[in-house]
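Here is the structure we will look at, set down as structure tokens.
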2 protein chains.
Amino acid sequence: MGTPLPRDPIADAQRNWERHGWGDVAAPMAAITAIMRTQQILLARIETVLKPFGLTFARYELLALLSFARSGALPMNKASALLQVHPTSVTNAVDRLEKAALVARSPHPTDGRTTLIELTPEGRTLAKKATAALNAEVFGNSGFGPDDVDHLIRVLGTFRRDAGDFTEE
Amino acid sequence: MGTPLPRDPIADAQRNWERHGWGDVAAPMAAITAIMRTQQILLARIETVLKPFGLTFARYELLALLSFARSGALPMNKASALLQVHPTSVTNAVDRLEKAALVARSPHPTDGRTTLIELTPEGRTLAKKATAALNAEVFGNSGFGPDDVDHLIRVLGTFRRDAGDFTEE
DNA sequence: GCAATATACTAGGACATCCAAGGGTTTGGA
DNA sequence: TCCAAACCCTTGGATGTCCTAGTATATTGC
């Protein structure tokens with residue numbers, strides 16, 4: 001989107017909230033808005049790195065997930081649950097990955113309702129390359145210090161647990 | 001997305017990263033993934049609250065921005081810059097808000113290229129109601145403690161500044 | 001054993017975001 | 001003065017996400 005602004009728009013919003021008598025929720029509003037914007041920035045960086053591989057983040061996440069499965073295959077519903085996205089989003093991603101010959105659909109051996117997503121050799125190779133690129137260019141240069149990283153993992157982990165993402169830990 | 005998982009999928013991913021020799025970037029990867037997922041959860045909460053008002057978050061943000069402008073009007077390119085989204089996204093939002101009679105387009109008095117977005121009385125009323133609902137149901141119950149909120153604002157603020165969102169502060 | 005319920009995937013539609021390209025307006029340098 | 005470059009907005013296309021059905025297969029309960 002363009003040139004840097006002279007002032008932080010989220011800090012401005014927080015001041016506006018306070019000015020209108022919503023001081024008690026101005027700070028959480030600012031924190032939440034900052035999370036939204038940070039996500040947008042990070043996603044843009046990731047997509048930029050993945051583009052040369054012909055991948056989007058959604059497709060990469062699926063490839064990476066499969067690459068960690070023992071057999072290199074997962075039922076669609078498992079993938080949907082682990083990636084925490086709607087089943088139709090997985091269908092969409094698999095459609096495109098399959099068209100690119102990076103994954104293949106195969107019927108579940110015992111449950112006729114279930115479809116397995118299987119990594120092809122090309123898919124596995126690409127996942128490895130893409131992961132190396134992301135590690136080098138995004139995760140290795142996140143812009144967060146080690147203490148901030150630990151704090152984010154802890155605070156957001158608690159938040160996600162309280163939100164019902166998972167139970168353990 | 002259904003039932004809670006028995007284990008934190010992001011913590012699992014972090015372990016997988018470490019197991020594959022990427023221990024040096026496993027933590028930032030987990031932090032970034034957690035930000036993505038947290039954004040997803042927060043967005044879903046916000047959209048749920050806004051739905052009864054016939055608003056989406058993108059449209060609400062534009063209404064709120066206009067409601068804080070002195071004159072209740074802003075050029076489209078200003079809105080695009082302040083909301084930090086692509087100009088076409090603003091066009092899209094204005095199209096729908098205009099159809100709902102919440103904003104109106106008007107020509108800029110001196111610059112023929114520019115279009116002003118103006119809040120209608122109904123738009124201003126709805127923005128007020130929607131803000132009250134969000135404050136009560138989302139920002140007032142964010143799930144983040146006061147210390148965490150302050151920390152998030154500070155850490156993500158630095159991140160956004162370093163990413164080129166703004167210069168001051 | 002069979003009907004009712006639950007589960008798994010997919011098709012179609014609504015929205016949002018971005019990019020690329022096009023048409024109109026302004027600005028600025030030759 | 002005047003034309004090229006810069007700027008503003010919109011259209012069209014690609015992706016992704018979700019929701020609501022609809023179809024097929026499993027499981028459950030009577």
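Atoms considered below: every heavy atom in the structure, side chains included; atoms not considered: hydrogens, waters and symmetry mates. Naming convention: chains lettered A, B, ... in sequence-line order (proteins, then strands); numbering from 1 in each chain.
Remark: C1' of C:dT17 and CD of B:Gln40 are 15 Å apart, rounded to the nearest angstrom. Rounded to whole angstrom, the span from the CE atom of B:Met76 across to the P atom of D:dC7 amounts to 18 Å. Distance NZ (B:Lys51) to P (D:dT20): 7 Å, rounded to an integer number of Å. Whole-Å rounding puts the A:Glu47 CD to D:dG16 C1' distance at 9 Å. Between A:Lys99 atom NZ and D:dT15 atom P the separation is 9 Å, expressed in whole Å. Taking atom CG of A:Leu42 as the reference point, atom P of C:dT17 lies 17 Å away to the nearest angstrom. Note: CG (A:Asn92) to P (D:dC19) measures 15 Å, nearest angstrom. Between the C1' atom of D:dT17 and the CD atom of B:Gln39 lies a distance of 11 Å, rounded to the nearest Å.
Judged by distance alone, the side chain of A:Gln40 and the main-chain N or O of B:Gln84 form a donor-acceptor pair under 3.5 Å. Remark: side-chain polar atoms of A:Glu98 are paired, donor with acceptor, to backbone N or O of A:Arg105 under 3.5 angstrom. Side-chain atoms of A:Glu137 do not come within 3.5 Å of backbone N or O of A:Val49 as any donor-acceptor pair. Not one N or O on the side chain of B:Ser80 forms a donor-acceptor pair closer than 3.5 Å with the backbone of B:Met76. Here the side chain of B:Thr38 pairs a donor or acceptor atom with the backbone of B:Ala34 at under 3.5 angstrom.
Nearest heavy atom pair, residue B:Pro109 against residue B:Leu116, reads CD-CD1, 4.0 Å.
We find that B:Arg161 and A:Asp8 are not joined by a salt bridge, their nearest charged nitrogen and carboxylate oxygen being 4.0 Å or further apart.
The stretch residues 55-75 of chain B comes close to DNA chain C through B:Thr56, B:Ala58, B:Arg59, each having a heavy atom under 4.0 Å from the strand.
Mapping B:Asn77 and B:Asp95 onto DNA chain D by nearest heavy atom places B:Asn77 at the nucleotide closer to the 5' end.
Counting heavy atoms from C-beta on, the side chains of A:Trp22 and A:Asn16 never come closer than 4.5 Å.
With sequence neighbours excluded, the residues that form a side-chain hydrogen bond (donor to acceptor under 3.5 Å, both in side chains) with A:Thr120 are A:Glu122.
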Polar pairs (N or O, both sides) under 3.5 Å between protein and nucleotides 26-28 of chain D?
from   : atom 1 : to       : atom 2 : distance (Å)
D:dA26 : OP1    : A:Gly112 : N      : 2.6
D:dA26 : O4'    : A:Arg113 : NE     : 3.2
D:dA26 : O4'    : A:Arg113 : NH1    : 3.4

